[in-house]
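Step one of this worksheet: look at the structure below.
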Amino acid sequence: MATDLTQEFCALRDTYIEKQFGRLNDMQRQAVFTTDGPLLILAGAGSGKTTVLVNRIANLIRFGSAHGSRQTPRPATEDDVKALRNAIMTGTDAPSWLDGMLRQNAVRSWNVMAITFTNKAAGELKERLRRMLGGEEGDEVFASTFHSACVRILRRWAEEIGYPRSFTIYDTDDSQRVMKAVYKDLNVDDKFLPIKAAINQMSRWKDQLVSPEQALASPAKDTKGALTARIYAAYEKRLKEAGAFDFDDLIYQTVQLLAEHPDVREFYQNKYRYLLVDEYQDTSVAQFRLVSLLTGPERNICVVGDDDQSIYRFRGATIENILNFEKLYPGTKTIRLEQNYRSTSNILNAANCVIQHNTERKGKTLWTDNGEGDKVQVYTAENEQDEASHIADVIGQHLKEGGHLADHAILYRMNAQSAPIESYFTRAGIPHKIVGGQRFNDRKEVKDIHSYMSIVANPRDDVRLRRIINEPARKIGNTTVEVIADLAAQEGVSMLDIISHADQYAKLSRAVMPLLKFWQIYQRLQDSLETRTLDEFASDVIELTGYKAMLEADAAKGHEDAADRLQNLGQLVNNVKNYCDQHGEEATLEGYLEDIALISDIDSYNESADQVVLMTIHSAKGLEFPYVFLIGMEEGVFPSEMSKYSEADLEEERRLAYVGITRAKKELYISNSVSRMLYGRTQRNEPSRFLREIEPEYIEETRSPVLEQRSRLGGWGSGYSDTVPGGASGYSGPSGWGRSAGGYGGGYGSGYSSGGRSGYLNREYNAGEGRGFGSAYANRGQSAGGYGSGYGRSGGSAGYGSGYGSAYGSGKTNGAAQQNTAKQINFTGTPAPKPVSSGPKHYEPGDIVEHKVFGRGQVVAVKPAAGDQIVEINFDKVGIKKTMANFAPLTKITEE
DNA sequence: TTGGCTGCCTTTTTT
DNA sequence: AGGCAGCCAA
C-alpha cells in the first residue's frame with residue numbers, strides 16, 4: 001500500500017515539476033531534466049539557449065534529480081499525495097513540508113559553476129538566476145567567464161606556481177612591449193619576423209597547451225619556427241619575472257596548476273560538482289582541458305553550443321571540441337534545439353540558405369512558427385555615404401511609425417566600417433553608440449594612470465614602470481632606463497628596487513635627482529593607497545604624478561585634445577568610484593585592475609539608452625535586435641580579403657554572416673556599396689557571395705537612385721580598379737588600372753604623389769564610373785612649389801576614355817598656396833557624385849524644417865562653425881537636437 | 001633629453 | 001588616411 005502511494009507520489013511529482021517548467025518546449029525540457037552525466041546541447045540561434053541554461057540550473061537547485069526518479073527519501077503518505085495533487089490543480093506551490101520529498105538530491109547552489117565567454121553573458125545569467133531563484137540562491141551560483149574564473153583560481157594559488165598573489169594581467173599592448181624587449185635581447189629583426197606574427201604563434205601555442213620547452217623541442221620546420229620558440233621562452237621568463245600573466249596565460253597557467261597539483265584539482269572538483277559551459281563551439285584546446293580538469297568523476301558536465309556560430313577559430317577556438325564531444329565523453333546525451341523564437345521565417349530562411357553552403361557542420365535546420373515577416377531588404381549603395389544615408393532614411397521611417405532608435409543595430413565586419421556611419425550620424429544628429437573599437441581603457445592617458453596604479457599593486461612590473469617613468473617628462477630618458485634595466489638584471493631585482501637606491505650607483509649619477517624624485521612620488525602613492533579610499537587614490541595618482549598639471553599646461557597651450565583627456569581621467573576616477581560602490585568593503589586595487597583588464601566595451605553596453613547601436617558582428621553574438629542593418633556586404637570586405645584563399649577561413653566568414661543575419665528579429669536590411677573608401681583608397685567591390693547564396697524568394701532588392709540614374713545615362717558594367725605592381729617608367733608605387741567588364745561610358749583616373757619630392761605619380765586608379773575625369777595631387781608635395789604632375793591612364797580595355805587631371809599640392813610646408821585649387825574637370829556635364837546634401841544652407845531661428853529622421857521641427861538657435869552652422873532644432877517628436885546645417889538631412893519648409 | 005619631422009606601416013574579428 | 005616609431009637636430 002505504501003509502495004503504491006509512493007509510486008503515485010512519484011508520478012504526481014513528475015507532473016508537478018514539469019508544470020514548473022511548462023513554458024519550455026519538449027526539447028528544452030529534456031535538456032533541463034537531464035541532470036547528471038555528460039550532456040551536449042546543440043542550440044541553434046535564437047532557440048532559447050540561455051533560458052535552458054537558467055532553467056536547468058534552477059531545476060538542479062530546486063528539484064535535483066527528483067524528476068523521473070521512482071524513489072522518494074521516505075515512503076509517501078496519503079497526505080503527501082493529497083497535498084501535491086492539490087498544488088498541481090490549483091497551480092500553487094507545494095507546502096514546504098513536502099520539500100524533502102520534492103528536492104531529491106537537490107544541488108546546493110554553490111556547487112554549480114557556469115562558464116561563459118563574455119562578462120555580459122555571465123551577468124545576464126546571474127540576473128536571470130536571481131529572478132528565478134531569488135537573491136540568496138541565485139547569487140551563490142558561480143557564473144563567470146573563462147578568464148575571470150581562472151583569475152580567481154590563480155589569485156588563490158599563484159604562489160604555488162611561483163607568482164605573486166597580486167599578479168598583473170597584461171593586455172595586448174603590454175605583451176607587445178615585452179616582445180619588443182625580447183627582440184632586443186635576442187637581437188631579432190622585426191622585419192624578419194614581425195612582432196605580431198610571433199605573438200600570434202605564441203598565443204596559438206598557449207591555446208594548444210604547448211609549453212616553451214615543447215616548442216623548443218619540437219622539430220622546427222624552419223628557422224622562423226625555431227626562433228619563435230626561443231622568443232616564446234624568453235617572453236615567458238620576462239612575464240614571470242614581472243609577476244604577470246597575459247590573457248592566454250590565465251587559461252594556460254590554470255591548466256598547468258590543476259594538472260600538476262592533484263590537491264588543487266580535487267578541491268575544485270569537490271566544490272563544483274555541476275559544470276555548465278556556454279558557447280562551447282568557441283573553446284580552445286586549453287579551455288577544453290580546463291573544463292575536463294574541473295569535471296569530477298561524476299562527469300556532470302553540460303556544454304551548450306552551436307557549431308554554426310563558431311567564429312573565433314582565428315584566435316584558437318577549435319570547432320572539434322564540439323564536433324568530438326560525444327567521443328570524448330562516452331555516454332553523452334545530445335539534445336538539439338532547432339526551434340527559433342527570435343526571427344521571422346524570411347530572415348531564418350535567408351540564414352539557412354547561407355549556412356547550408358558550409359560543409360564542416362553537424363547539420364541542423366532551424367525553423368520557426370513566427371510569421372513570414374517582411375522580405376530581407378537588400379540595398380545597393382553608390383558609396384558608403386549613400387549607404388549611411390539610406391540607413392538613416394529607414395530609421396527615420398521607423399521612427400515616424402513609432403519605433404525606437406534603440407531597436408536598430410548596425411552590424412559590420414570590421415571596426416573601420418563604423419567611421420562613415422559615425423560621421424554621417426553625428427552630422428545628422430542621430431543619437432548612436434559605437435560599441436568596441438578603441439576602448440576607453442585603451443586610451444593613452446587612461447592606460448598611463450592605470451599603469452601607475454598597477455605598479456603600486458605590483459612593484460615587480462617593469463613593463464608598466466617603463467611605460468610611465470617619463471610620462472609626464474621628468475628627465476629620465478631612454479639611456480637612463482636602460483642602465484636601470486641592466487642593473488636590475490645583474491642584481492636580480494626589479495627596476496623599482498634600483499630606483500629606490502639610485503644614489504648608490506655611479507652609473508646613474510647624472511640622473512640621480514630625477515630618479516629619487518620619482519621614487520618619492522612612488523612612495524607617496526603607496527601611502528595614499530594605504531590611507532585613502534580607492535577613488536581618492538586614483539585622483540591622487542593623477543595629481544601627484546604631475547599628469548594633471550601636464551594636461552592642463554597642454555590645454556592652456558591650445559592643445560585640442562588635452563581637455564578631452566582631462567575629462568577622460570575624470571571619468572576614470574568615476575569608474576573607480578563605481579567599482580567601489582559595487583564592491584563595498586571588498587573593493588581592492590587588484591580587483592579594480594582585474595576588472596578593467598577583463599571587462600570589454602560590450603559588457604557595459606546598456607540597452608536602455610535610446611540610441612542606434614553600431615558594433616561588429618563578433619560583438620553582437622548573443623544579442624538580438626528588432627531591426628538589423630548588415631552593412632558592407634561585399635567581396636573583399638565580407639568575406640574579408642584575407643579569408644578569400646582558404647576554404648576553412650571562408651567557412652568561418654560564412655558562419656559570421658549567419659550570426660549577423662540571425663541577430664534580426666523583425667526586419668533585416670543588408671547593404672552593399674558599389675564603391676568604398678578602404679585603407680585610404682577607393683575600391684569597387686562586387687556584392688558578397690553570401691548575398692548571392694540567399695534564395696531570391698526571401699529578398700527584395702533596391703538600388704541607390706544615383707546608380708539607377710547613371711545606368712540610364714550610360715549603361716555601365718562592373719568596372720573596378722585592380723592593383724598591379726608598377727615599377728616601370730619611374731613609378732614608385734603600385735599603379736592601378738581599370739578593367740571593363742561590359743562597356744561603360746567613362747573612367748576616371750586619380751593619382752597622387754605621396755612622397756612628393758619629385759612629383760611623380762605614386763598610385764593611380766582608374767575606376768569605371770563617371771565620365772573621364774581625373775585629378776592628381778601631391779600629398780606632402782614639397783618640391784616645385786608643391787606640385788605633382790599627375791595624369792590618368794587608360795589601362796587596357798577599349799571603351800572608356802582616358803582621364804587626366806589637374807594637380808595640386810597640399811604639402812604642409814610650402815604647398816599651401818596651391819591648396820584648394822583642385823578641380824574636378826567634368827567633360828560631359830554629368831554631375832559628379834553628390835555630397836550628402838547639396839549646396840550651403842543657412843538657417844535662422846524660427847525656420848521650420850523637415851528632418852529625414854526626426855521629422856518636423858523649428859530652429860531655435862544657430863551657431864556658425866567652421867564654414868558651416870550648428871543648428872539647434874526643437875523637433876515635434878524628439879525634442880531639441882543639434883545638427884550640422886550642411887550635412888544633416890534637413891529641408892527648409894518655411895521661414896517665419 | 002626633447003621635440004619635430006619624415007617615412008613607414010597598417011588596416012579582421014577579441015577575452 | 002592616419003597613426004606611430006624612429007631618427008635627427010637643437
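Per chain, numbering begins at 1; letters A, B, ... match sequence-line order.
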- For B:dT14, does either OP1 or OP2 sit under 4.0 Å from a side-chain N or O belonging to A:Ser619? yes
- Walking DNA chain B from its 5' end, the first of A:Ser640 and A:Phe117 to be reached, judged by nearest nucleotide, is A:Ser640
- Anything under 30° is parallel, anything over 60° is perpendicular, the rest tilted; go ahead and classify A:Tyr312 against A:His618. tilted
- side-chain hydrogen bond (donor to acceptor under 3.5 Å, both in side chains) with A:Arg464: of A:Asp448, A:Asp174, A:Thr168, only one passes, and it is A:Asp174
- Query: Which comes earlier along DNA chain B counting from the 5' end, the contact point of A:Ala511 or that of A:Met642, where each point is its nearest nucleotide?
  - Reply: A:Ala511
- Query: What is the nucleic acid contact for A:Asn470, judged by heavy atoms within less than 4.0 Å: base, sugar-phosphate only, or nothing?
  - Reply: sugar-phosphate
- Between B:dT15 and A:Asn119, is there an OP1 or OP2 to side-chain N/O distance shorter than 4.0 Å? no
- Message: I want to verify a distance call: between C:dA1, B:dT15, B:dT14, whose nearest atom is closest to the A:Met677 side chain?
- Response: C:dA1
- Less than 6.0 Å separating the ring centroids of A:His147 and A:Phe245? no
- Six-ring centre of A:Phe518, A:Arg474 cation under 6.0 angstrom, axis tolerance 45°: no
All N/O pairs under 3.5 Å across the protein-nucleotides 6-10 of chain C interface:
none

- Message: Need one value for A:Thr480: base, sugar-phosphate or nothing, where a base atom within 4.0 Å counts as base even if backbone is also close, heavy atoms only.
- Response: sugar-phosphate
- Check every strand shown and say whether A:Ala473 touches a base, only sugar-phosphate, or nothing at a heavy-atom separation below 4.0 Å. sugar-phosphate
- Are OP1 or OP2 of B:dT12 and a side-chain N or O of A:Ser643 less than 4.0 angstrom apart? no
- Query: In terms of side-chain heavy atoms, does A:Asp246 have a donor or acceptor partner in A:Tyr235 at a distance below 3.5 Å?
  - Reply: yes
- Message: If stacking means aromatic ring centre less than 5.5 angstrom from the base's six-membered ring centre, planes under 30°, is A:Tyr312 stacked on B:dT13?
- Response: no
- Query: Base, sugar-phosphate, or nothing for A:Met414, non-hydrogen atoms under 4.0 angstrom?
  - Reply: sugar-phosphate
- Within less than 4.0 Å of OP1 or OP2 of B:dT2, is there a side-chain N or O belonging to A:Asn478? no
- Task: Can you tell me the distance, in whole Å, between the OH atom of A:Tyr412 and the P atom of B:dT12?
- Result: 16 Å
- Item | Check: A:Glu387/A:Ser671 side-chain N/O donor and acceptor closer than 3.5 Å | yes
- Which of B:dT15, B:dT13, B:dT2 is nearest the side chain of A:Phe247? It is B:dT15
- Message: Check the phosphate of B:dT12 against A:Thr616, side-chain N and O only, distance under 4.0 Å to OP1 or OP2. Yes or no?
- Response: no
- When you get a sec, tell me which of C:dA1, B:dT15, B:dT11 is the closest nucleotide to the side chain of A:Lys196? B:dT11
- Would you indicate which nucleotide in B:dT1, B:dT15, B:dT12 comes nearest to any side-chain atom of A:Arg315? B:dT15
- Item | Polar contact flag, side-chain donor to acceptor under 3.5 angstrom, A:Arg684-A:Ser675 | no
- Query: For A:Glu422, which residues count as a salt bridge (charged side-chain N to carboxylate O under 4.0 Å, His left out) partner, sequence neighbours excluded?
  - Reply: none
- C1'-based separation of B:dT12 from C:dA5 [nearest Å]: 24 Å
